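Note that the structure is predicted; figures quoted are calculated from it, not measured.
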Amino acid sequence: MFISKILISEDFERIKEEMIEKYGYNRLRFIPKIPASDFLLDDARLVEKESYIAEVDEKIIILMAHNFRIEAQNFLLKLLEEPPKNIKFLIVVPSKNLLLPTIKSRLICEKRNTKKTKNHLNLDLNKMDLKILFEFLQENENLDKNELMEKIILLTEQMVKIKDFNEKELEFFYESYELAKLNSKSSLILATLLLNFYTKK
């Protein structure tokens, strides 16, 4: 018997494999089917719809996303508090801070101590020329939102160690990160960051 809970982890694929192995695919419903950047109100409505499809046996609805929209969380509150018969929930999220206190109060919370491997840039900024810069952009032209945000953080950490930036220039790093959150094109953001660094004396 499964107990509804929140699971703090970024390893969505591993959690999915574990759940299928332990409970069998037929007992599980993944909403959305592939872990999303944002869990939206439409996803929450799908959860509600799936919850009211009667089941003789226990059914586990698994919600996986890097971020949960506030309106989607509010929509789920009553459902989590009073789930239909034989319906259980698993919310998988990278940080419990992404969830509303009202959601956290309704479910037990379990944290997975998976050691996060530090992503490396595979780029030596001290030796970077235009050829290396271009090759880096080609390798990273199709990053998703979360990969791009992580890459910007790593680039910023390395760049500020090598060169001094004024307040306006530092603001640009923040703006780049915000643009990444809006699904802006990765190659454009990275090219601007790297060219600004390359041309800075």
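- In this structure, I60 is a member of the same hydrophobic cluster as I20, with clusters built from ILVMFWY side-chain heavy atoms closer than 4.5 Å.
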Which atom pairs, donor and acceptor, lie under 3.5 Å between side-chain atoms of residues 64-80 and protein residues at least two apart or in another chain?
unit_1	atom_1	unit_2	atom_2	d
N67	ND2	D38	OD1	2.8
Q73	OE1	L100	N	2.7
Q73	NE2	F68	O	3.0
Q73	NE2	L98	O	3.1
N74	ND2	I70	O	3.4
K78	NZ	E82	OE1	3.3

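- S51 and I61 make their closest contact through OG-CD1, 3.4 Å (heavy atoms, listed as atom of the first residue, atom of the second, distance).
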Let's go through K181 and E178 carefully: what are the C-alpha distance in whole Å and the side-chain angles of both, what is the deciding distance for side-chain contact (heavy atoms from CB on, under 4.5 Å) to 0.1 Å, and is it a yes or a no? CA-CA 5 Å; K181 283 163 72 174; E178 290 300 305; 3.4 Å; yes

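- In this structure, L188 is not a member of the same hydrophobic cluster as L123, with clusters built from ILVMFWY side-chain heavy atoms closer than 4.5 Å.
- Identified under the side chain to side chain donor-acceptor pair (under 3.5 Å) test for residues 84-94, with sequence neighbours left out: E58-K88.
- Because its NZ or CZ atom is not both nearer than 6.0 Å to the ring centre of F89 and within 45° of the ring axis, K5 does not count as a cation-pi partner of that residue.
- Taking CZ from F2 and CD1 from I62, the interatomic distance works out to 7.0 Å, rounded to the nearest 0.5 Å.
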Passes side-chain contact (heavy atoms from CB on, under 4.5 Å), V160 versus L170? Steps please. CA-CA 9 Å; V160 296; L170 289 170; 3.9 Å; yes

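- When atom types are taken as modelled, the side chain of S184 and the backbone of L179 share a donor-acceptor pair closer than 3.5 angstrom.
- Judged purely by atom type and a 3.5 angstrom limit, R106 uses its side chain to pair as donor or acceptor with the backbone of T102.
- Hydrophobic clustering of Ile, Leu, Val, Met, Phe, Trp and Tyr side chains at less than 4.5 Å, counting indirect connections, unites L133 with L193.
- Note: F165 and F172 fail the aromatic proximity criterion, with ring centroids not under 6.0 Å apart.
- Residues E169 and D164 approach most closely at OE1-O, 4.2 Å, considering heavy atoms.
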Stepwise side-chain contact (heavy atoms from CB on, under 4.5 Å) test for M159 and L125: CA-CA 7 Å; M159 287 177 176; L125 290 167; 3.8 Å; yes

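- The distance from atom OH of Y23 to atom CE of M1, rounded to the nearest 0.5 Å, is 10.0 Å.
- Every residue two or more places apart in sequence or in another chain that forms a side chain to side chain donor-acceptor pair (under 3.5 Å) with E50 is listed here: R29, K59.
- In this structure a side-chain-to-backbone donor-acceptor pair under 3.5 Å is present from S186 to N140.
- At distances below 3.5 Å, at least one donor-acceptor pair connects side-chain atoms of K163 with backbone N or O atoms of K200.
- Interatomic distance, OG of S37 versus CG of L40, reported as 9.5 Å (0.5 Å rounding).
- Of the residues I189, N196, L190, L195, the one that meets the side chain to side chain contact (heavy atoms under 4.5 Å, CB included) test with T192 is N196.
- By the 4.0 Å N-to-carboxylate-O rule, E147 lies too far from K151 to be salt-bridged with it.
- Nearest heavy atom pair, residue F173 against residue I152, reads O-CG2, 4.2 Å.
- With E157 contributing its side chain and L154 its backbone, the two residues share no donor-acceptor pair below 3.5 Å.
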